[in-house]
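Written below as structure tokens is the structure these notes are about.
Just the heavy atoms: all of them, side chains too, but no hydrogens, waters or symmetry mates, feed the values below.
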Amino acid sequence: MTVVNVSDISAEIEWKEIKHIHLTIYPPNARIHVSAPIGMPEDAVRLFLITKLPWIKQRITQICEQARQTGREYVSGENHYFKGNRYRLKVIYHDAPPKVELQGSEYLVLYVRSNSPTEKRAEAMREWYRKQLKEILFPLIVKWERVIGVQATKWEVKQMKTLWGSCNHRTGNIIFNLELAKKPLSCIEYIVVHELLHLKIRLHNEAFTSEIGALLPNWRHLKDQLNEFIV
């Protein structure tokens with residue numbers, strides 16, 4: 001991994017067995033990562049970054065503005081996302097254990113006790129997202145295991161800070177990021193395909209890129225869409 005400076009930005013470069021150069025800017029701190037084909041000169045990567053500077057700076061501004069948003073308080077009126085759609089949170093007080101449900105296409109309703117602290121509200125929301133995501137993932141995993149010709153030993157949903165998913169090629173265990181529940185279904189499916197394919201091809205090499213391209217021709221678009229920063 002090499003870090004280069006272009007104008008007033010820094011970008012990390014990773015050379016891989018791929019055919020085309022690819023640029024990604026990751027939230028929450030706008031980390032710039034370039035995947036470049038093995039053999040591509042560093043100066044060529046610099047020139048590529050220079051041509052992308054306007055877009056890079058625009059994305060950095062968007063990510064930083066989102067990152068400055070205040071933390072969630074889980075009160076009525078907040079915006080929350082599910083399957084790529086935005087919902088307004090409606091908090092209803094009741095004298096029973098917390099629960100969450102969708103109300104039409106506009107509201108996400110959180111039922112809590114009147115004295116419920118923020119963390120309890122957050123926990124109720126997390127568990128609802130976890131349940132929903134597992135229900136979404138199960139048929140997708142069954143479908144793509146059959147298509148790819150692999151089978152995960154175990155899969156689970158966890159809160160992760162930097163990865164949408166991870167696959168242990170040796171054990172066959174896969175972890176999916178809880179935050180996927182907030183993303184469009186097409187993006188969730190992309191991660192399922194990506195992680196299951198790692199059971200067959202461990203590295204992000206040319207064989208991996210070729211096969212995921214055959215399975216999901218628009219995978220690069222889905223990857224970019226997935227990394228759009230939605231709070």
* Would you please name every residue forming a salt bridge (charged side-chain N to carboxylate O under 4.0 Å, His left out) with R202, sequence neighbours left out? =>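 In terms of salt bridge (charged side-chain N to carboxylate O under 4.0 Å, His left out), with neighbours along the sequence ignored, R202 is linked to no residue.
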
Calculate, to the nearest 0.5 Å, the distance between atoms [atom1] and [atom2] belonging to [X] and [Y] respectively.
| X | Y | atom1 | atom2 | answer |
| --- | --- | --- | --- | --- |
| N85 | K182 | CG | NZ | 14.0 Å |
| W164 | I175 | CH2 | CD1 | 15.0 Å |
| I212 | L197 | CD1 | CG | 6.0 Å |
| D224 | R59 | CG | CZ | 9.0 Å |
| K134 | I141 | NZ | CD1 | 10.5 Å |
| K120 | L110 | NZ | CG | 13.0 Å |

Do [X] and [Y] sit in one hydrophobic cluster, given that two such residues count as connected whenever their side-chain heavy atoms are within less than 4.5 Å of each other, even indirectly?
| X | Y | value |
| --- | --- | --- |
| L137 | I148 | yes |
| Y26 | M160 | no |
| V75 | I92 | no |
| F138 | V192 | yes |
| L140 | L163 | no |

* Out of E17, H194, E14, which residue meets the side chain to side chain donor-acceptor pair (under 3.5 Å) rule with H204? ->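 Testing H204 for a side chain to side chain donor-acceptor pair (under 3.5 Å) against E17, H194, E14 leaves exactly one candidate, H194.
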
* Asked: Is the Lys NZ or Arg CZ of K223 less than 6.0 Å from the centre of Y190's six-membered ring, within 45° of the axis?
  ->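 The answer is no; the distance or angle limit is not met.
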
Short question: side chain of [X], backbone of [Y] - any donor-acceptor pair under 3.5 Å?
| X | Y | answer |
| --- | --- | --- |
| W15 | M40 | yes |
| S7 | I9 | no |
| T209 | N205 | yes |
| R220 | G213 | no |
| E145 | A152 | yes |
| R72 | A122 | no |

Over all heavy atoms of both residues, which pair between [X] and [Y] is shortest? Give the atoms and the distance, please.
| X | Y | result |
| --- | --- | --- |
| G77 | R88 | CA-NH2, 4.1 Å |
| F82 | A181 | CD1-O, 3.4 Å |
| V91 | S76 | N-OG, 2.9 Å |
| I25 | W55 | CD1-CZ3, 3.7 Å |
| L203 | F208 | O-CB, 3.3 Å |
| V112 | P98 | CG1-CB, 4.0 Å |

Just so I know, are the side chains of [X] and [Y] near enough to count as touching, which here means a heavy-atom distance under 4.5 Å?
| X | Y | answer |
| --- | --- | --- |
| L180 | L226 | yes |
| C167 | L199 | yes |
| F176 | E156 | no |
| N79 | L89 | no |
| V3 | I13 | no |
| I18 | S35 | yes |
| T171 | T153 | no |
| K158 | L178 | no |

* Would you sort out whether E119 and R126 count as a salt bridge (Lys or Arg N to Asp or Glu O under 4.0 Å), showing the intermediate values? => CA-CA 10 Å; E119 180 50 39; R126 281 195 300 269; 2.6 Å; yes

Identify whether the distance between the nearest side-chain nitrogen and carboxylate oxygen of [X] and [Y] falls below 4.0 Å.
| X | Y | value |
| --- | --- | --- |
| E189 | K143 | yes |
| K99 | E127 | no |
| E179 | K183 | no |
| R121 | E73 | no |
| R31 | E12 | yes |

* To do: Please lay out, stage by stage, how H22 and H33 fare under the test side-chain hydrogen bond (donor to acceptor under 3.5 Å, both in side chains).
  => CA-CA 8 Å; H22 190 66; H33 181 88; over 6 Å; no

* Asked: Could you go step by step and tell me if H169 and I201 meet the side chain to side chain contact (heavy atoms under 4.5 Å, CB included) rule?
  -> CA-CA 8 Å; H169 181 81; I201 306 171; over 6 Å; no

* Asked: Does the side chain to side chain contact (heavy atoms under 4.5 Å, CB included) test come out yes or no for L222 and I191, once each step is laid out?
  -> CA-CA 9 Å; L222 294 173; I191 292 298; over 6 Å; no

* Determine whether more than 12 heavy atoms belonging to other residues, nucleotides or ligands lie under 6.0 Å from atom NZ of K16. => yes

* Asked: Under the side chain to side chain contact (heavy atoms under 4.5 Å, CB included) criterion, do N177 and L133 qualify, and how do the steps go?
  -> CA-CA 9 Å; N177 192 334; L133 182 57; over 6 Å; no

* **side chain to side chain donor-acceptor pair (under 3.5 Å) partners of residues 107-118, not counting sequence neighbours, each pair once** => D95-R113, E101-Y111

* List the steps and the verdict of side chain to side chain contact (heavy atoms under 4.5 Å, CB included) for I21 and V34. => CA-CA 7 Å; I21 191 168; V34 177; 3.6 Å; yes

